[in-house]
Amino acid sequence: MEILRYTFLVFHLFGFAALLGGIFFQLRGKDPVTGSYMVSSTVVQLVTGAGLIWTRISLDLPVPHAKMGVKLALDVLVAVTALVGMRNKQPWAFYAVGTFTAAAAIVAVAWK
């Protein structure tokens with residue numbers, strides 16, 4: 001079960017890296033747009049985040065429910081904003097996805 005937890009963690013980090021890396025890459029261009037990679041990366045984040053919580057509960061490890069609720073809310077915001085931005089091609093959605101992703105990273109690292 002511990003190996004499964006670490007597998008979820010690695011793929012959770014891969015999803016975050018793909019999302020934030022794509023955002024930084026697009027910031028170099030003149031017209032950044034919300035792409036399908038953002039939606040895919042967000043789905044990876046949601047699924048692996050749920051898997052991480054499930055494995056922590058299965059291993060009787062402590063789960064900070066308030067922190068996980070805030071992270072879930074931010075991840076859902078990222079997913080919805082990415083979908084809206086991908087369909088409507090609005091530039092504000094690109095920056096909102098980046099902001100919500102950065103906020104999720106800050107919550108993950110700073111909230112103990």
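- Contact of the Pro64 side chain with the Lys112 side chain is not registered, since no non-hydrogen atoms from C-beta on lie closer than 4.5 Å.
- In plain terms, the two heavy atoms of Val39 and Ala82 that are nearest each other are CG2-CB, 3.9 Å.
- Side-chain contact between Leu9 and Phe14 is absent, with no heavy-atom pair separated by less than 4.5 Å.
- Here the CG atom belonging to Leu77 is positioned 10.0 Å from the CG atom belonging to Leu72, to the nearest 0.5 angstrom.
- No path of Ile, Leu, Val, Met, Phe, Trp and Tyr side chains, each step under 4.5 Å between heavy atoms, connects Val80 with Val70, placing them in separate hydrophobic clusters.
- Of all the heavy atoms in Gly49 and His12, the pair that sits closest is N-ND1, 3.5 Å.
- Under the 4.5 Å side-chain heavy-atom criterion for Ile, Leu, Val, Met, Phe, Trp and Tyr, Val44 and Phe100 are members of distinct hydrophobic clusters.
- A distance of 12.0 Å separates CG in Leu13 from CG in Leu20, rounded to the nearest 0.5 Å.
- Rounding to the nearest 0.5 Å gives a distance of 12.5 Å between OG1 of Thr55 and CD1 of Ile3.
- The line from CZ of Arg5 to CH2 of Trp54 is 12.5 Å long, rounded to the nearest 0.5 Å.
- Residues Thr48 and Thr7 form no side-chain contact, since every pair of their non-hydrogen atoms from C-beta on lies 4.5 Å or further apart.
- Put simply, the side chain of Val63 reaches to within 4.5 Å of the side chain of His65, judged on heavy atoms.
- At a threshold of 4.5 Å between side-chain heavy atoms, the hydrophobic network of Ile, Leu, Val, Met, Phe, Trp and Tyr places Tyr6 and Leu61 in one connected group.
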Would Thr81 and Trp92 count as a side chain to side chain contact (heavy atoms under 4.5 Å, CB included) if you check the C-alpha gap in whole Å, the side-chain angles of each, and the deciding distance to 0.1 Å? CA-CA 9 Å; Thr81 308; Trp92 64 265; 4.1 Å; yes

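- Of all heavy-atom pairs between Ala79 and Thr42, the closest is CB-CG2, 3.2 Å.
- Taking each heavy atom of Phe94 and Pro32 in turn, the nearest pair found is CE2-CB, 3.4 Å.
- Hydrophobic clustering, with ILVMFWY side chains joined whenever heavy atoms are under 4.5 angstrom apart, keeps Phe11 apart from Leu46.
- By the 4.5 Å heavy-atom criterion applied to side chains, Tyr95 and Gln90 are not counted as neighbours.
- One distance of note links CG of Asp31 with CD of Gln26; it measures 9.0 Å at 0.5 Å rounding.
- Between Thr34 and Gly85, the shortest heavy-atom contact is CB-C, 3.7 Å.
- Cluster membership check: Met38 does not share its hydrophobic cluster with Leu83, using side-chain heavy-atom separations under 4.5 Å among Ile, Leu, Val, Met, Phe, Trp and Tyr.
- To the nearest 0.5 Å, atoms CG (Leu19) and OG1 (Thr101) are separated by 4.0 Å.
- Using a distance-only test at 3.5 Å, with no hydrogens or angles considered, no donor-acceptor pair links the side chain of Lys71 to the main chain of Ala108.
- Here the closest heavy-atom approach between residue Met1 and residue Ser58 is recorded as CE-CB, 3.9 Å.
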